[in-house]
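Just so it is clear: chains get the letters A, B, ... in the order the sequence lines come, proteins before strands, and each one is counted from 1.
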Amino acid sequence: MIENLVNGLVLGGTYALVAMGLTIQYGIARIMNLAFGDLIIAACFGTFVLYSGFALSPVLALFLIVPLGFAFNYFIYQIVMRPLVARAPNSEALEVDSILVTFGLLFVIQGILLVIFGGAYTSYSYLNTPVNVLGTIVAANRLVAFVLALIFGAGILFVLFRTRWGTTLRAVALAPESAPLYGIDVNASARLAFAIGGALAASGGVVVSMYQTFTATAGVVFTMKALIVVILGGKGSLTGALVAGLLLGVVETMVAAYIDPGLTLAATYTVFLLLLLVRPSGMFGKAG
Amino acid sequence: MKQTVFILLGLAVLALLAAAPYLLSDYGTALLLGMTGYITLATAWAMFSGPTRYVSLATVAFFGIGAYTVAVLSEVLPYPLVLLVAALIGLTVAIIVGLSTLRLAGVYFVIFTFGLAELVRQTVTWWEVNVTETLGRYIFLPFEGRHIYWQLLALLVVTLLISWWIGRSRYGLALKAIGDDETVAEHAGINVPGLKLALFAISATIITLVGAIQAPRWTYIEPSIVFNPTVSFLTLIMALLGGPSKLWGPMVGAIPLFLLFEWLSANFPDHFSILLGALFIMIVFFMPKGILAKLEDLRAGGAS
Amino acid sequence: MLELRNLTVRYDKHLALDDVSLTLDKGETVVILGANGAGKTSLLKAMAGVVRADAGSQIVLDGAPITGLRADQVTNAGIALVPEGRGVVGLMTVEENLRLGANPKRARAVEAERMELVFDIFPRLKERLGQYVRTMSGGEQQMVAVGRAMMSNPDYLLLDEPSLGLAPIIVTDMFKALARITQTGVGLLIVEQNVRVSLKHADRGFLLEAGRITGSGTSAELLDDDAVRHAFLGGNS
Amino acid sequence: MNGRLEITGLKKRFGGLTAVNGVSFAVEPGEVIGLLGPNGSGKTTVMNMVSGALRADAGSIRFDGVELTRLKPNKIAKHGVARTFQLVRPLPTLSVAENVLLSFAFGRKRHWGREAQMLVEEKLEFVGLGGRGGEEVGNLTYIDQKRMELARALASEPKLLLLDEWLAGLNPSELRIGIDLVRHLQGLGMSVLLVEHIMEAVRALCSRCVVMSAGEVIASGESEAVLKAPQVISAYLGDDHA
Amino acid sequence: QETDAVTIGYAISKSGPNAGGADMTVTPNYELWVHEVNERGGLTLPDGSQRPIEVIEYDDRSSAEEVVRAVERLATQDKVDLILPPWGTGFNLAVAPLMARHGYPHLAGAAVTDKADDFVERWDTSFWFMGGGEDYTHALAEVLIEARDAGTINNSVAMVSVADGFGIDLVKAARPTLEEAGFEIAYDKAFPPQTSDFATIINEAAGTGADTFIAFSYPPHTFALTKQAQVASYNPAVFYLGVGAGFPVYTNISGGQMEGVMSLGGIDPDNALNAEYRARHEAVIGRAPDYWGSVLIYASLQMLEQAIERVGLDKAEIAKELSTGTFDTVLGETKLENNQLRNIWWTGQWQDGTFVAVAPGDRDGAGEASLPKPAWQ
Ligand SMILES: Nc1ncnc2c1ncn2[C@@H]1O[C@H](COP(=O)(O)OP(=O)(O)OP(=O)(O)O)[C@@H](O)[C@H]1O
Ligand SMILES: Nc1ncnc2c1ncn2[C@@H]1O[C@H](COP(=O)(O)OP(=O)(O)OP(=O)(O)O)[C@@H](O)[C@H]1O
Ligand SMILES: [Mg+2]
Ligand SMILES: [Mg+2]
């Protein structure tokens with residue numbers, strides 16, 4: 001039981017880490033980023049190249065790839081998203097536009113990766129060493145993901161809810177039309193939030209690449225899992241993403257252990273659907 | 001007078017389309033087939049999602065249900081009956097889903113429907129693996145491309161007629177109102193849940209039929225083939241691109257996009273993704289309200 | 001001094017404001033009167049940077065041109081707008097809205113002080129600090145909107161129908177409080193349909209008709225003016 | 001045309017807050033009654049329960065002998081109750097005319113087609129938006145949106161009209177036109193429940209008033225008398241209006 | 001020039017979920033073969049003349065509808081001389097009726113199916129090169145029985161499979177085979193293809209005390225199972241994995257500890273032809289082929305080439321020749337039985353850095369399975 005719980009939480013750590021980036025991009029910058037998973041994959045490949053080509057340890061790669069992720073997303077927002085935000089008459093229109101444009105972006109990133117790396121399965125092994133957590137043996141690399149998720153989660157939560165700057169970010173998320181009246185530069189805030197989300201995606205990619213096999217075309221899987229976690233948690237809710245991510249990990253593990261590994265995904269979706277029916281705006285979501 | 005001309009013109013186009021397999025190569029027919037399939041999907045999708053702005057990603061759930069029904073029953077029942085059963089199953093599932101999702105709004109609905117499609121896929125997989133112990137199924141119906149094309153064409157015509165009728169009836173207006181503000185719509189006397197449910201069910205049934213009709217083309221069916229989420233995404237993108245709130249919008253989106261896919265994958269198989277993505281981004285930038293709106297703008301601009 | 005020179009605003013082809021010039025001093029209260037659709041809201045929005053003024057328009061704040069600044073920059077420069085439809089963050093609490101109101105740098109030091117002032121005017125807000133603004137009654141939300149603008153420690157306060165939806169007793173209190181604020185040197189530009197009350201508290205007023213200024217004067221003059229009485233005060237009462 | 005509304009023991013709680021606490025009153029057929037009270041006293045909440053936007057926790061709402069308490073807004077509309085919203089809620093993708101047409105199409109009598117178009121134009125004319133049916137609602141001024149909203153409410157051909165601060169934001173001369181409009185409706189036999197903070201309008205229109213405070217009725221009866229009652233003055237009007 | 005080239009078309013998954021598999025086993029071999037043929041001056045025809053190959057390739061984007069249409073396009077629009085098959089069992093079946101209708105020989109390479117006999121009856125120009133689930137599981141059972149009889153392993157087996165056509169086919173064949181062989185199946189679960197975490201599965205399997213662990217898995221699962229087994233120090237005597245264990249990259253993934261791991265396929269390290277093929281593949285493509293499917297695909301192309309040399313470009317003639325002829329391929333002398341390739345290595349094991357074939361054990365060149373597998377370090 002404890003063993004499964006630990007395994008589940010560690011697995012959930014990955015989900016949470018990945019989902020938090022998306023929830024920030026969607027919740028604050030209001031961009032529903034369908035290319036999110038492909039950013040993760042790009043970071044995976046980046047880490048792989050650094051590791052296999054330059055013998056740079058993936059943990060060190062974090063310090064290179066995460067800032068890169070930040071910068072890349074910063075420019076993407078400035079170049080691609082900003083005109084869309086500027087022209088959108090309301091948030092639904094922006095939602096549609098951002099879905100469409102990031103759908104295009106998804107193909108571009110995926111296409112570039114395909115040209116460079118081909119479609120083959122890529123995988124390497126790093127920190128695949130056993131660590132004893134409460135009597136359960138887990139892989140160190142997964143533990144890194146879990147710990148990173150907690151650190152980033154706590155850090156960002158602190159900023160959002162305990163600092164004035166965080167409150168301005170939330171105001172941008174909740175009422176972009178009103179925010180300027182509070183002296184908030186909506187564009188700058190959204191761009192920053194989008195870039196932070198991108199940095200989180202990059203960090204997720206670095207960690208995931210340590211244990212998961214990836215291909216240039218596998219981004220969609222991450223996007224979808226992240227979306228589900230985000231929605232389950234309540235849109236824009238970071239706490240929600242964190243809790244929902246961990247919860248999903250535990251549910252999957254429990255189902256695999258006590259019911260049938262074949263039903264893990266079915267269980268994920270069942271939990272997801274049931275929860276939405278009971279709470280139509282997610283666990284930590286507010287109506288509207 | 002003008003109306004008669006339009007009707008006659010429409011009938012002529014239809015006749016031409018029906019005769020196309022005799023005029024084109026198999027591949028030409030195959031193109032038309034694929035295109036008709038997507039136009040029907042996009043039109044059916046937009047019937048519900050266009051005006052209400054409930055963006056559904058459940059398309060492939062129904063599409064797959066249709067295909068699977070045919071795979072399971074094609075040896076057991078006569079074909080028309082198989083289609084009927086498929087439609088009924090699609091309808092039933094749609095009603096159950098509709099009843100349970102009526103409270104969800106916005107992105108919650110989007111992801112819910114996506115989750116639903118995956119749930120259906122996982123459940124079918126699990127069932128096939130553990131209960132029937134066959135994952136793949138074979139469909140050996142004596143259909144060639146053109147037979148499937150004709151069926152799809154007929155379905156498309158019916159879909160357009162339904163869509164047209166709704167658009168000019170009071171329900172079309174009601175759906176747009178629902179898309180804007182459900183509270184106001186309710187206060188205006190509209191049975192919002194009922195109307196949403198009805199539309200969702202009609203749209204889903206048509207989508208189910210598309211899947212059922214297209215299934216015999218693949219001979220072999222397994223969940224990863226018929227529940228391929230790309231179908232949901234393409235449908236949505238095509239409809240949004242054309243303009244989902246107009247009758248011809250989805251068609252105007254589906255045709256060029258479909259041809260574009262085909263052209264790119266044939267001519268640039270190695271750079272397909274990059275080019276597609278880049279073109280896509282450009283389209284969004286230069287045709288913010290969809291292709292149809294752009295065309296109308298151009299026409300208005302040209303006239304003035 | 002806040003100065004408008006030749007302000008023109010267009011929505012596509014529709015001309016909403018046509019060459020409007022006016023000034024607002026620190027410490028004075030000015031009322032804009034005008035019929036439905038005259039362009040009052042457009043005027044305030046243009047001053048606050050929410051809508052863009054046409055070329056040739058000039059807005060000057062204490063000698064520095066601020067034409068073309070974004071709304072957030074204008075706010076930071078010391079001009080606060082309470083817009084039509086409130087402009088609050090519905091999914092945040094009353095407290096968060098007020099604290100956020102003090103977001104401009106100029107306001108941070110006086111946050112606590114301002115908070116007390118706002119509670120003084122709208123005691124209801126103090127009782128409801130933790131309530132989400134979105135769930136409040138119409139009038140309560142209006143209080144948050146006015147309170148939030150006060151929090152930003154502005155030099156100039158632009159109010160678009162601040163009394164809309166407020167109970168008479170609160171309206172009275174609010175105008176008294178606004179008078180206190182002007183005494184601290186804040187310039188007040190008010191759009192009001194509650195003409196009698198607003199003129200009572202104002203120093204001067206302008207008449208806006210179809211996007212143009214068609215008259216101006218001190219409050220007393222305007223209250224006496226026949227045309228004004230006829231259009232805005234309901235005849236001879 | 002009937003239009004008798006009877007509310008008894010109405011209650012609504014939001015979390016720990018009792019927004020409406022045992023409110024009872026009646027609107028007689030053809031009567032315009034004022035529902036007054038300080039901000040947050042529960043007026044809009046009462047209106048929301050009558051129109052079906054909120055479900056009451058307790059109490060009953062009877063309209064022409066029909067119990068409305070458990071009905072959905074669309075059913076209530078069909079029984080002949082229509083409303084405007086305190087903050088206007090136009091349907092932005094519909095034109096002005098379509099906004100109004102909607103209520104005709106699904107209102108009490110369900111009009112559609114050419115006939116409905118004419119009715120729409122008539123209603124727009126009535127509220128002062130004649131000839132502007134083709135415009136986008138988003139481009140109307142706030143006040144014009146309110147006019148449109150009244151036309152939309154009237155288009156469902158109600159027997160009882162709920163007006164939530166519909167007159168707010170009008171200048172005095174416009175106010176007079178607004179008041180005449182409401183009077184005209186009353187003349188047609190419509191009952192009106194009017195929430196309003198503009199005393200001039202209340203005095204001009206309402207024979208009777210109900211005053212709420214903190215969710216409870218603190219005074220009701222003839223307008224003149226109610227507006228002079230000390231508890232009303234201290235809670236709502238303030239000394240200036242005494 | 002153009003007119004005298006032989007056009008060969010194929011549709012393959014270059015994007016989408018199937019791209020990973022196609023890019024490992026199929027596409028590189030098509031490219032290698034075309035490269036080599038053209039280097040030699042082209043395909044030789046019966047009259048001794050040579051004609052270069054011109055390739056038309058499409059991306060099927062991992063969609064069944066696309067692959068069908070692409071093949072239709074190749075057949076009726078591009079009118080290519082020959083069509084090479086797509087990747088995957090499902091896609092090969094999807095195009096089979098079309099290939100048959102247009103008379104193209106269909107050399108279904110990357111398709112594992114037990115129904116090949118039926119298919120050949122239905123489409124007599126189809127050829128199946130990878131065997132079926134029963135072949136692989138019988139061979140595995142053979143190895144297991146021997147180990148049990150030698151007292152190396154106990155009677156208990158833990159088995160997992162990916163819930164998709166491949167996994168099901170194999171696990172369905174494995175159950176009766178293993179039971180018949182007297183094994184007890186202590187753990188038998190299917191997992192969805194998207195699964196990425198195998199901690200629980202490994203724990204549960206370890207908990208059964210079975211000495212044999214079998215996974216009918218795809219590469220991502222194969223890799224993840226390996227890593228998880230290492231972390232959990234799970235050391236069953238027999239560690240048998242699915243697709244991917246025979247990929248060259250497996251060496252890295254297992255951290256160099258692939259010794260003793262078993263899987264489908266394998267090679268005879270003494271087979272010079274195969275070694276030469278592997279070297280060429282590495283030289284031309286830039287990476288080594290896998291130890292299972294690649295060589296089969298390549299051999300099928302060699303057969304095609306030789307059939308053309310014998311009978312020319314007539315499709316029906318080629319098909320007939322493929323059915324009845326004997327060919328020299330990297331597999332050695334090759335002849336199809338009822339349109340199926342039967343002399344395949346069914347089971348292999350990593351031994352000293354090579355993935356050596358161990359079953360069928362009675363065939364020339366078969367290695368000896370070395371069990372138990374050494375523990376992870
Ligand atoms: N976004 C817009 N697009 C087009 N026209 C607009 C827009 N906003 C306002 N208008 C038009 O500009 C004119 C002035 O509008 P404005 O809102 O400034 O008037 P106002 O004096 O505030 O009126 P009210 O008393 O009704 O609030 C009106 O004719 C209005 O229809
Ligand atoms: N959804 C809700 N959640 C919590 N509190 C609510 C909610 N809706 C209303 N309230 C509270 O209930 C009380 C009554 O609100 P209501 O809107 O009925 O007031 P009102 O009398 O219409 O006031 P006003 O004149 O300001 O419009 C208010 O204090 C408000 O804050
Ligand atoms: Mg205004
Ligand atoms: Mg109210």
Side-chain angles (χ1 to χ4, degrees), chain A residues 3-4 6-8 10-12 14-15 52 107 110-111 113-114 117-131 136-142 208 210-218 220-222 224-225 249 252-266 268, chain E residues 12-24 27-28 59 61-62 160-163 187 189-204 207 218-224 226-228 230-234 243-244 247 249-250 252-257 285-287 376:
Chain A
E3 183 175 48
N4 290 319
V6 171
N7 274 325
V10 171
L11 170 64
T14 307
Y15 296 159
S52 58
F107 278 105
Q110 179 174 313
L113 292 176
L114 275 172
F117 299 101
Y121 295 106
T122 310
S123 185
Y124 64 95
S125 241
Y126 183 77
L127 273 189
N128 193 41
T129 44
V131 178
T136 305
I137 305 293
V138 300
N141 45 30
R142 287 188 178 258
V208 164
M210 296 183 204
Y211 49 83
Q212 205 158 316
T213 305
F214 47 93
T215 65
T217 52
V220 192
V221 182
F222 286 100
M224 284 310 154
K225 200 67 166 231
E252 284 192 9
T253 309
M254 294 290 171
V255 170
Y258 297 111
I259 303 176
D260 185 341
L263 288 175
T264 48
L265 287 176
T268 303
Chain E
I12 199 89
S13 305
K14 285 176 168 278
S15 55
N18 296 349
D23 189 58
M24 187 69 232
T27 329
D59 177 7
R61 310 205 296 278
S62 303
V160 298
S161 53
V162 57
Y187 187 71
K189 298 284 181 189
F191 57 85
Q194 295 92 331
T195 308
S196 63
D197 178 77
F198 290 91
T200 313
I201 283 179
I202 291 284
N203 283 351
E204 299 282 316
Y218 276 144
H221 323 122
T222 301
F223 301 161
T226 305
K227 293 180 185 178
Q228 186 59 37
Q230 291 179 341
V231 165
S233 303
Y234 175 49
V243 193
F247 287 7
V249 65
Y250 190 73
N252 291 335
I253 283 151
S254 60
Q257 300 188 54
I285 304 299
R287 54 192 155 96
W376 309 108

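In this structure, E:P192 and A:P261 approach most closely via the heavy-atom pair CD-O, 3.2 Å. Residues A:R142 and E:S196 come closest through the heavy atom pair NH2-O, 3.2 Å. In this structure, A:Y121 and E:G20 approach most closely via the heavy-atom pair CE1-C, 3.5 Å. Of all the heavy atoms in A:T217 and E:S15, the pair that sits closest is CG2-CA, 3.9 Å.
Heavy atoms of A:V138 lying under 4.5 Å from chain E belong exclusively to its backbone. Only the side chain of E:F247 comes within contact range of chain A, judged by heavy atoms closer than 4.5 Å. Residue A:M210 touches chain E through its backbone alone, counting heavy-atom pairs closer than 4.5 Å. For a residue to count as touching a neighbouring chain, one of its non-hydrogen atoms must lie under 4.5 Å from one of that chain's; by this rule E:A190 touches chain A with the backbone only. Neither the backbone nor the side chain of E:Y218 comes within less than 4.5 Å of any heavy atom of chain A.
Using a 4.5 Å heavy-atom threshold, the side chains of E:N252 and A:Y124 count as separate. Counting heavy atoms from C-beta outward, A:N7 and E:N203 have side chains that approach closer than 4.5 Å. Side-chain atoms of A:E252 and E:T200, non-hydrogen and from C-beta on, never get closer than 4.5 Å to each other. For the pair E:Q230/A:P130, no side-chain contact is recorded, criterion being any heavy-atom separation below 4.5 Å from C-beta on. The closest side-chain heavy-atom distance from E:V231 to A:T129 is not below 4.5 Å.
In terms of non-hydrogen atom pairs under 4.5 Å with chain E, the most contact-rich of A:A139, A:S123, A:A256, A:G118 is A:S123. Considering only heavy-atom pairs separated by less than 4.5 Å from chain E, the leading option among A:T136, A:T253, A:I137 is A:T253.
Interatomic distance, CZ of E:F223 versus CZ of A:F214, reported as 11.0 Å (0.5 Å rounding). The OG1 atom of A:T215 sits 14.0 Å away from atom CE of E:M24, with the distance rounded to the nearest 0.5 Å.
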- Run the side chain to side chain contact (heavy atoms under 4.5 Å, CB included) check on E:H221 and A:T213 step by step: do they pass? CA-CA 8 Å; E:H221 323 122; A:T213 305; over 6 Å; no
- Task: Before giving the answer on side chain to side chain contact (heavy atoms under 4.5 Å, CB included), spell out for A:L114 and E:K14 the whole-Å C-alpha distance, their side-chain angles and the decisive distance to 0.1 Å.
- Result: CA-CA 8 Å; A:L114 275 172; E:K14 285 176 168 278; 5.9 Å; no
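A donor-acceptor distance shorter than 3.5 angstrom exists from the side chain of A:S125 to the backbone of E:I253, with no hydrogens or angles considered. A donor-acceptor pair under 3.5 Å links the side-chain atoms of A:N128 to the main chain of E:K227, judged by distance alone.
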